[in-house]
Amino acid sequence: MHEKILTEAEKLQNIMVETLTRLCKIPAISPHNGGTGEDEKIHELEKIINELNLLNEKSSLKFEYVDDEKSPTKKRPSLFFEYQGKKSQRICILTHIDVVPEGDRSLWTVDPFNPEIRGSRLYGRGVSDNGTCLVSSLFALKALLNAGIEPEYTVLLAFVADEEMGSHYGLEQLIERDIFKADDLVIVPDSGNDAGDFIEIAEKADWKLSFTVTGKQVHAALPHKGINACRVANMLAYEVDEALHKEFTETNELFDPPFSTFEPTRRFANVPNINTVPGRERFDFDCRVLPEVSLDNAFDVVDKICKDVEQRTGAKIELVVSRADAAPITRPDNEVTKILIKSVREVLHIEPKTGGIGGGTFAAFFRRKNIPAVVWSQECGGVAHQPDEFTEIEYLVNNAKVFALMMSGF
């Protein structure tokens with residue numbers, strides 16, 4: 001039975017590439033990041049589902065909306081396609097419809113929104129993140145039905161908005177609605193590697209720190225009359241960086257890397273001219289923290305440094321914290337993990353391993369609701385968000401094969 005499924009998936013390769021190209025020609029960039037949102041692209045996906053003849057008495061298609069005043073439609077759409085299987089228990093595959101902006105177009109050798117085949121690869125914005133698995137999840141079901149096989153599990157394919165900007169206008173609100181069930185088997189194909197041998201079952205806490213240092217702006221020839229916010233910010237960033245790395249040295253081999261990361265990242269522009277001492281400086285830290293580290297304790301360390309630097313310099317420091325605590329781990333012996341491992345073995349002829357990552361996928365939302373979720377895909381490592389983003393066409397087919405086997409309960 002499973003050989004027939006795999007053969008049918010291979011037959012669909014060309015139409016999968018055509019579908020991915022068709023979808024990635026439509027930018028679906030957040031209105032909070034200079035775009036117009038997902039509306040056009042998600043309605044194109046609706047057309048594709050109809051064209052594939054997947055809508056019948058066993059299936060249903062439903063839009064869910066989240067209010068967003070910045071969207072041209074004032075709403076952000078997500079699409080849920082459900083196909084009834086032998087069991088009422090569901091295999092849920094969640095992909096996201098949105099993409100990040102193309103960035104500096106001069107760094108691209110192709111038009112980012114006119115995908116182009118070069119050899120074994122398809123190039124374009126969103127073809128990897130998250131277009132490959134979006135298309136693979138849909139054609140996995142198509143391959144199964146073309147093989148004349150009824151899914152063992154009911155299949156729920158979720159195409160969700162706003163993942164790239166934090167999911168506030170997507171899954172963060174949708175998961176509070178009566179959409180998902182406690183016994184759902186959830187797969188999030190939004191992270192992976194070229195080998196396809198890594199299954200993510202845990203994520204670190206996501207802890208973001210935004211600092212604003214306010215000093216006193218003066219002419220650079222008279223620095224003694226002001227408070228140089230740039231110098232204070234440099235001092236503050238260094239001391240925070242040093243203290244966090246010194247204080248929190250715990251390790252956990254489940255994760256790669258096996259320690260907490262505390263990274264100074266974004267620095268905002270201050271003054272436009274060289275001969276002015278800036279009176280305000282803003283910078284951010286992105287921190288991915290092991291579950292065994294207390295974020296409350298980490299905050300206390302940072303807060304103490306801020307107060308100490310204020311006292312020493314006379315500057316004022318404002319700290320804004322964004323916090324998402326580590327979600328519970330999905331156990332390696334959970335049903336969804338076992339089904340995925342079995343399917344990956346069959347398709348890729350490898351022995352996948354389980355582990356943890358820095359964080360940032362849909363899976364954490366489910367784990368916090370005590371719904372086990374796993375993250376897996378065979379994808380081109382390191383190309384997401386980059387110029388000349390690409391996917392290997394072979395990975396489209398391989399992912400579809402794995403998802404189809406999972407649906408079939410082989």
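Computation of the quantities below employed the complete heavy-atom set of this structure, encompassing side-chain atoms and omitting hydrogens, waters and symmetry-equivalent molecules.
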Query - Within 6.0 Å of NZ in K86, more than 12 heavy atoms from elsewhere - result: yes
**Report entry** Donor-acceptor under 3.5 Å (T276 side chain, P278 main chain)
**Finding:** no
Query raised in the report: Does some side-chain heavy atom of L156 sit less than 4.5 Å from a side-chain heavy atom of I93?
Result: no
**Report entry** S294 and D296 side chains, donor-acceptor separation under 3.5 Å
**Finding:** no
Query raised in the report: Do E116 and R121 meet the salt-bridge criterion of a basic N to acidic O distance under 4.0 Å?
Result: no
Query raised in the report: Can you list the residues that meet the side chain to side chain contact (heavy atoms under 4.5 Å, CB included) rule with H385, with sequence neighbours excluded?
Result: V100, D129, E164
Query raised in the report: Can you check side-chain hydrogen bond (donor to acceptor under 3.5 Å, both in side chains) on N334 and T337, steps first, answer last?
Result: CA-CA 5 Å; N334 182 272; T337 314; 4.5 Å; no
Query raised in the report: Just by modelled atom types, is the L171 backbone N or O under 3.5 Å from a matching donor or acceptor in the S167 side chain?
Result: no
Query raised in the report: Would R105 and E102 count as a salt bridge (Lys or Arg N to Asp or Glu O under 4.0 Å) if you check the C-alpha gap in whole Å, the side-chain angles of each, and the deciding distance to 0.1 Å?
Result: CA-CA 7 Å; R105 282 215 177 197; E102 67 272 27; 3.0 Å; yes
Query raised in the report: Can any side-chain N or O of K58 pair as donor or acceptor with the backbone N or O of Q84 at less than 3.5 Å?
Result: no
Query raised in the report: Would R125 count as a cation-pi partner of F113, with NZ or CZ less than 6.0 Å from the six-membered ring centre and within 45° of the ring normal?
Result: no
Query raised in the report: Counting only N and O atoms by type, is there a donor-acceptor contact under 3.5 Å from the side chain of N50 to the main-chain atoms of E46?
Result: yes
Query raised in the report: Is atom CZ of R282 surrounded by more than 12 heavy atoms (other residues, nucleotides or ligands) closer than 6.0 Å?
Result: no
Query raised in the report: Does any N or O in the side chain of T330 come within less than 3.5 Å of the main-chain N or O of A373, such that one atom is a donor and the other an acceptor?
Result: yes
Query raised in the report: Taking C-beta and beyond as the side chain, do L141 and P151 meet within less than 4.5 Å on heavy atoms?
Result: yes
Query - S128 and T391: side chain donor to acceptor below 3.5 Å - result: no
Requested in this report: Return yes if some donor-acceptor pair links the side-chain N/O of S191 with the main-chain N/O of V375 below 3.5 Å, else return no.
Outcome: no
Requested in this report: Kindly indicate, with the supporting measurements, whether the criterion side-chain hydrogen bond (donor to acceptor under 3.5 Å, both in side chains) is fulfilled by E203 and T361.
Outcome: CA-CA 8 Å; E203 296 181 13; T361 75; 2.2 Å; yes
Query raised in the report: Around atom NZ of K208, are there more than 12 heavy atoms of other residues, nucleotides or ligands at under 6.0 Å?
Result: yes
Query raised in the report: Is the CZ atom of R331 crowded by more than 12 outside heavy atoms at less than 6.0 Å?
Result: no
**Report entry** K62 NZ/CZ over F81 ring centroid, <6.0 Å and within 45° of normal
**Finding:** no
Query raised in the report: Below 4.5 Å, heavy atoms only, C-beta onward: do F410 and S343 meet side chain to side chain?
Result: yes
Query raised in the report: Would the number of heavy atoms belonging to other residues, nucleotides or ligands and lying under 6.0 Å from NZ of K246 be above 12?
Result: no
Requested in this report: Find out whether F211 and P264 are in side-chain contact, i.e. whether some heavy atom of one side chain is under 4.5 Å from a heavy atom of the other.
Outcome: no
Query raised in the report: Do the non-hydrogen side-chain atoms of V344 and D197 ever get within less than 4.5 Å of each other?
Result: no
Report task. Considering non-hydrogen atoms only, spot the tightest contact between P101 and N33 and give its length. Result -> CD-ND2, 3.2 Å
Report task. Decide if atom CZ of R231 counts as having more than 12 heavy atoms of other residues, nucleotides or ligands within a radius under 6.0 Å. Result -> no
Query raised in the report: Among side-chain atoms of Q89 and D183, is any donor-acceptor pair under 3.5 angstrom?
Result: no
Requested in this report: Tell me whether the centres of the aromatic rings in F268 and F283 are closer together than 6.0 Å.
Outcome: no
Report task. Kindly state each residue pair satisfying ring-ring contact (aromatic ring centres under 6.0 Å, His included) with at least one member in residues 3-50, sequence neighbours excluded. Result -> H32-Y169, H43-F63
Report task. Determine whether the side chains of S120 and E392 contain a donor N or O and an acceptor N or O closer than 3.5 Å. Result -> yes
Report summary line: Between E150 and G85 the two heavy atoms that sit nearest each other are OE2-C, 3.9 Å
Query raised in the report: Just wondering, are more than 12 heavy atoms of other shown residues or ligands nearer than 6.0 Å to CG in N273?
Result: yes
Query raised in the report: More than 12 heavy atoms of other residues, nucleotides or ligands under 6.0 Å from CD of E40: is that the case?
Result: no
Requested in this report: Determine whether the side chains of N252 and E292 contain a donor N or O and an acceptor N or O closer than 3.5 Å.
Outcome: yes
Query raised in the report: Do you see a donor-acceptor pair shorter than 3.5 Å between the side chains of S210 and D284?
Result: yes
Query - H96 and F159 aromatic centres sub-6.0 Å - result: no
**Report entry** Pairwise side-chain contact, F285 with D241, heavy-atom cut-off 4.5 Å (strictly under)
**Finding:** yes
Query - Any donor-acceptor N or O pair under 3.5 Å, side chains N270, E281 - result: yes
**Report entry** Side-chain (S136) to main-chain (L396) donor-acceptor, under 3.5 angstrom
**Finding:** yes
Query raised in the report: Would you call E318 and K316 a salt bridge, using N to O less than 4.0 angstrom?
Result: no
**Report entry** Residues D388 and T109: side-chain donor-acceptor under 3.5 angstrom
**Finding:** yes
Query - Sub-4.5 Å side-chain heavy-atom contact between E389 and V127 - result: yes
Query - Note: K41-D39 ion pair, threshold 4.0 Å (strictly below) - result: no
Query raised in the report: Salt bridge between D300 and K304, side-chain N to carboxylate O under 4.0 Å?
Result: no
Query raised in the report: Given side chains that start at C-beta, do those of E200 and V374 come closer than 4.5 Å, heavy atoms only?
Result: no
Query - Check: Q378 side chain, D194 main-chain N or O, donor-acceptor pair, under 3.5 Å - result: yes
